[in-house]
Q: 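The following block contains the structure, expressed as structure tokens.
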Amino acid sequence: MTLHLIKLCVGADSVEDLRTWQTERLAQLKKRGQKPELTHTTRMVPKRREQILDGGSLYWVIKGYTAVRQPLVDIRPFVDKEGVGRCHLVYAKDLVLVAPRPRRAFQGWRYLDAKDAPPDVGKAGRGLPDKLQRELAELGLL
């Protein structure tokens, strides 16, 4: 059964902010001759790796709403130079808009069952500003 992760997207005010930051990050990596892939470093390693990599995504919470997801492609545990175990969550470049859903703040990441994940936004919601998408979703129109 597919399992997802959900995480706060600290510092981004919108999906467009996240897209811009990720595009810049990929360009920097490419310029340095490094593999252009998106990763998030976290302290805790997900124990349910196989379920997550069986079609799971990283759902981003932006400004109090689950707003977008990115398919997870790998989970790479490692030990940093201070000897602390950490993990790289490696995710695809694709940003898939989801029906905005309110979410309270939390630390780190959390598991998100597939049955509890917000659905992807159809073509009707693409291109709409984040705030308008949230309002339409609250009204049950997206």
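These numbers were taken from a predicted model, which means no experiment stands behind them. Along the sequence shown, residues are numbered consecutively beginning with 1.
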Q: Check whether V84 and F78 end up in the same hydrophobic cluster, where Ile, Leu, Val, Met, Phe, Trp and Tyr are linked by side-chain heavy atoms less than 4.5 Å apart.
A: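 Each belongs to a different hydrophobic cluster.
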
Q: How long is the gap from CG on L89 to CH2 on W109, to the nearest 0.5 Å?
A: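 L89 atom CG to W109 atom CH2 measures 8.0 Å (nearest 0.5 Å).
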
Q: Taking C-beta and beyond as the side chain, do W60 and R69 meet within less than 4.5 Å on heavy atoms?
A: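 W60 does not reach R69 side chain to side chain.
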
Q: Can you tell me how far CG of L38 sits from CH2 of W21, rounded to the nearest 0.5 angstrom?
A: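 Rounded to the nearest 0.5 Å, the CH2-CG separation comes to 7.0 Å.
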
Q: Would you say that more than 12 heavy atoms from the other residues, nucleotides or ligands in this model lie under 6.0 Å from the CD of Q34, or not?
A: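 Buried by this count: over 12 neighbours within 6.0 Å.
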
Q: State, with a plain yes or no, whether a side-chain heavy atom of T42 is found less than 4.5 Å away from one of K7.
A: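 Not in contact.
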
Q: Check for a donor-acceptor pair, side chain of Q70 on one end and backbone N or O of A92 on the other, with a separation under 3.5 Å.
A: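 It does hold such a pair.
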
Q: Identify the heavy atoms of R103 and V61 that sit nearest to each other, and give their distance.
A: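 Closest approach of R103 to V61, heavy atoms only: CG-CG2, 3.8 Å.
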
Q: According to a 4.5 Å side-chain heavy-atom criterion applied to Ile, Leu, Val, Met, Phe, Trp and Tyr, with indirect links allowed, do M44 and V79 form part of one hydrophobic cluster?
A: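 No, because M44 and V79 fall into different hydrophobic clusters, even though each may have its own neighbours under 4.5 Å.
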
Q: How long is the span from the OG1 atom in T66 to the CG atom in L112, to the nearest 0.5 Å?
A: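 Going from the OG1 atom of T66 to the CG atom of L112 covers 7.5 Å.
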
Q: Is it true that L58 and M1 fall in one hydrophobic cluster, defined by side-chain heavy atoms closer than 4.5 Å?
A: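 Per the 4.5 Å side-chain linkage, L58 and M1 are not co-clustered.
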
Q: If you take all heavy atoms of V45 and C87, which pair is closest and at what distance?
A: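 Looks like CG2-CB, 3.6 Å.
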
Q: Would you say V90 ends up clustered with I52 if hydrophobic residues are merged whenever their side chains have heavy atoms under 4.5 Å apart, either directly or through other cluster members?
A: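 Cluster IDs for I52 and V90 differ.
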
Q: So which atom in S14 and which in I62 form the shortest heavy-atom distance, rounded to 0.1 Å?
A: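 Heavy atoms only, the tightest pair is N-CG2, 3.7 Å.
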
Q: Count I, L, V, M, F, W, Y as connected when their side-chain heavy atoms are under 4.5 Å apart, and connections chain through other members. Are I75 and V73 then in the same cluster?
A: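 No: no chain of side-chain contacts under 4.5 Å links I75 to V73.
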
Q: Can you list every salt bridge (charged side-chain N to carboxylate O under 4.0 Å, His left out) pair that touches residues 17-34, not counting sequence neighbours?
A: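 Pairs touching residues 17-34 that pass the test: E16-R19.
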
Q: Examine distances only and state if a side-chain atom of T2 and a backbone atom of D54 form a donor-acceptor pair shorter than 3.5 Å.
A: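 Yes, the answer is positive, given that a donor and an acceptor are paired below the 3.5 Å cut-off.
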
Q: Any idea which heavy atoms bring D94 and P71 closest together, and the distance?
A: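 Answer, listing the atom of D94 first, then P71: O-CD, 3.8 Å.
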
Q: For the backbone of R76 and the side chain of D74, can you confirm whether one donor and one acceptor N or O come within less than 3.5 Å of each other?
A: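 Here the side-chain-to-backbone pair does not exist.
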
Q: Can you give me the closest heavy-atom contact between R101 and P119, atom names plus distance?
A: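 It is NH2-CD, 3.7 Å.
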
Q: Just checking Y91 against H40, ring centres under 6.0 Å apart?
A: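 No, ring centres 6.0 Å or more apart.
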
Q: Can you find a heavy atom in the side chain of S57 that is under 4.5 Å from one in the side chain of V96?
A: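 With C-beta onward as the side chain, the pair stays apart.
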
Q: Is there a side-chain contact between L3 and D113 (heavy atoms, below 4.5 Å)?
A: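 Yes, close enough: below the 4.5 Å cut-off.
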
Q: Rounded to the nearest 0.5 Å, how far does CD of Q107 lie from CG of L8?
A: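 It is 9.0 Å, given to the nearest 0.5 Å.
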
Q: Would you find a donor on one side and an acceptor on the other, under 3.5 Å apart, between the side chain of Y59 and the backbone of V98?
A: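 It does not hold such a pair.
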
